[in-house]
**Student:** 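I'd like to ask some things about the structure below.
When a ligand or atom number is given, it counts from 1 through the structure's own listing order. Hydrogens, waters and symmetry mates play no part in the numbers below; they use all other heavy atoms, side chains included.
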Amino acid sequence: MQLALLSRLLSVGRAVLAALRGRLGALCWSLAPLSLSLSLPGWRDSAPQPQREQEWDDAAPTPTSVNYHFTRRCNYKCGFCFHTAKTSFVLPLEEAKRGLAMLKEGGMEKINFSGGEPFLHDRGEFVGKLVQFCKQDLELPSVSIVSNGSLIRKQWFQKYGEYLDILAISCDSFDEDVNVLIGRHQGKKNHVENLHKLRQWCREYAVAFKINSVINRFNVEEDMNEQIKALNPVRWKVFQCLLIEGENSGEDALREAEKFVISDEDFDRFLDRHKDVSCLVPESNQKMRDSYLILDEYMRFLNCRNGRKEPSKSILDVGVEAAIKFSGFDEKMFLKRGGKYVWSKADMKLDW
Ligand code: SF4
């Protein structure tokens, strides 16, 4: 009697195991095409796959304003740089255009090209062609570039200036010695003199001129009122130096920015000293972390919410809507920080 019961139990156990094996087999087959699609030959082979993904919200935000960091390479060596040369990869031009068209389809109104240094790749021709494509073919209301300005030539303005709404130049100090200390220089080029030259070309070629400054330990006591008023930018973005793990802080980082960091109180003192500059737009660390939509060189959204840049899958592989859910983008914070402003030069009523 006991033997019969034992044999019945064994046969039930065998049946359960067989059923489980069947299910696992089916699951492996359903995953197979996915893993095959991730190992296509060509440039996509070099795109590292994301380590960890976390979906923040069911509803995908609209990519109204996108920052495309298409290259990580730069000719400067700023000590606090938070988008460092971890790869030298740049998408082929036609793939970049395909991604930009997808973003337009998804609701993009403004594109900003950034780096690294955008004018380094193909001597500025790559970014020029993308600027022209976005304005002429995609008819985007706003096309802008953030650059350190050191590699821009007058011929570039002659060829592409009409398609560019805003050129933002990074400048953290009007004292050249401080720029050298920060690492914002190359060879004998004078960063401040170059800034004035670019201001003039922007006037000549009707491109709105903007200045970005990172406030850090070396410039926090500086008074920039006179110089900024003289340059008269449409916007002066003032950022608080930010630590990003894996970029400018931590073991696998290419920079150690800890010595550049300032407190919130120091940052507020700097803002207070410049409160009469009407075009000043302050950006504290908190605002910076989750109110920017950042696309990296593989067209992956970078989620900065956990203090490091965690990539989504590339929009070229999974589409904009699927990728953007992992961007960590806070649409409300974007609007609160004034992310939407008059960003088309046609609407600016500027005295060029
Ligand atoms: S100019 Fe910009 S991209 Fe280049 S090193 Fe400095 S912060 Fe980084």
Side-chain angles (χ1 to χ4, degrees), residues 66-90 112-124 126-127 130 144-153 156 166-195 197-198 209-220 222 233 235-250 252-262 267 283 285 288-289 292 294-298 302 304 308-309:
V66 176
N67 296 278
Y68 176 26
H69 296 246
F70 65 84
T71 178
R72 283 178 169 269
R73 288 177 55 232
C74 187
N75 57 326
Y76 278 14
K77 289 192 170 55
C78 306
F80 49 68
C81 180
F82 41 78
H83 204 75
T84 51
K86 304 200 96 174
T87 77
S88 56
F89 181 79
V90 178
N112 178 52
F113 295 105
S114 190
E117 172 47 48
F119 286 84
L120 192 58
H121 187 58
D122 198 14
R123 294 166 61 84
F126 185 85
V127 73
L130 291 184
S144 64
I145 302 177
V146 174
S147 162
N148 65 36
S150 62
L151 302 171
I152 310 177
R153 290 163 300 138
W156 193 94
I166 306 168
L167 177 65
I169 301 296
S170 310
C171 180
D172 308 321
S173 177
F174 291 91
D175 178 343
E176 195 56 18
D177 291 340
V178 175
N179 286 325
V180 172
L181 259 180
I182 289 172
R184 222 183 253 296
H185 78 114
Q186 186 196 18
K188 290 196 167 57
K189 286 180 187 167
N190 185 307
H191 192 74
V192 180
E193 276 175 24
N194 199 44
L195 184 73
K197 191 174 70 186
L198 289 163
F209 178 72
K210 184 176 161 185
I211 298 176
N212 286 355
S213 301
V214 178
I215 307 310
N216 61 81
R217 180 57 46 220
F218 297 95
N219 64 1
V220 66
E222 196 168 323
R235 237 166 130 82
W236 180 31
K237 266 278 182 84
V238 174
F239 301 93
Q240 183 180 358
C241 184
L242 177 68
L243 288 183
I244 298 274
E245 206 189 316
E247 295 283 351
N248 62 12
S249 166
D252 52 342
L254 295 180
R255 299 282 198 283
E256 288 176 15
E258 282 78 5
K259 68 173 179 186
F260 289 91
V261 170
I262 54 168
F267 185 59
E283 300 255 320
N285 285 352
M288 278 173 77
R289 269 198 193 102
Y292 282 86
I294 302 174
L295 264 190
D296 76 356
E297 65 275 25
Y298 301 102
L302 296 181
C304 302
R308 57 179 298 119
K309 290 176 171 172

**Student:** Give a yes-or-no answer on whether the side chains of N148 and N194 include a donor-acceptor pair shorter than 3.5 Å.
**Tutor:** no

**Student:** Relative to ligand 1, is C74 under 4.0 angstrom through side chain, backbone, both or neither, heavy atoms considered?
**Tutor:** side chain

**Student:** Which atoms of ligand 1 sit under 4.0 Å from any heavy atom of G116?
**Tutor:**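 Answer for ligand 1: 3 (S).
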
**Student:** Verify the distance criterion only: is there a donor paired with an acceptor across the side chains of E297 and T71 at less than 3.5 Å?
**Tutor:** no

**Student:** Have a look at F218 and tell me which of D175, N179, D177, V178 forms a side chain to side chain contact (heavy atoms under 4.5 Å, CB included) with it.
**Tutor:**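 For F218, the side chain to side chain contact (heavy atoms under 4.5 Å, CB included) test succeeds with only one of D175, N179, D177, V178, which is V178.
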
**Student:** I'd like to know if R72 pairs up with E247 as an ion pair, taking the criterion as any Lys NZ or Arg NE/NH1/NH2 lying under 4.0 Å from an Asp or Glu carboxylate oxygen.
**Tutor:**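 Yes, charged N to carboxylate O under 4.0 Å.
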
**Student:** Near N148, which atoms of ligand 1 are under 4.0 Å from a heavy atom of that residue?
**Tutor:**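 The atoms of ligand 1 under 4.0 Å from a heavy atom of N148 are 1 (S).
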
**Student:** Do Y292 and L302 touch side chain to side chain, with heavy atoms closer than 4.5 Å?
**Tutor:** no

**Student:** Need the ligand 1 atom indices (1-based, order shown) with element for anything under 4.0 Å from a heavy-atom of C78.
**Tutor:**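 In order of numbering, the contacting atoms are 1 (S), 5 (S), 6 (Fe), 7 (S).
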
**Student:** Nearest to atom 8 (Fe) of ligand 1, what protein heavy atom do you find, and at what distance?
**Tutor:** C81 SG, 2.3 Å

**Student:** Please work out which of R72, R184, H83, E117 has its closest non-hydrogen atom nearest to atom 1 (S) of ligand 1.
**Tutor:** R184

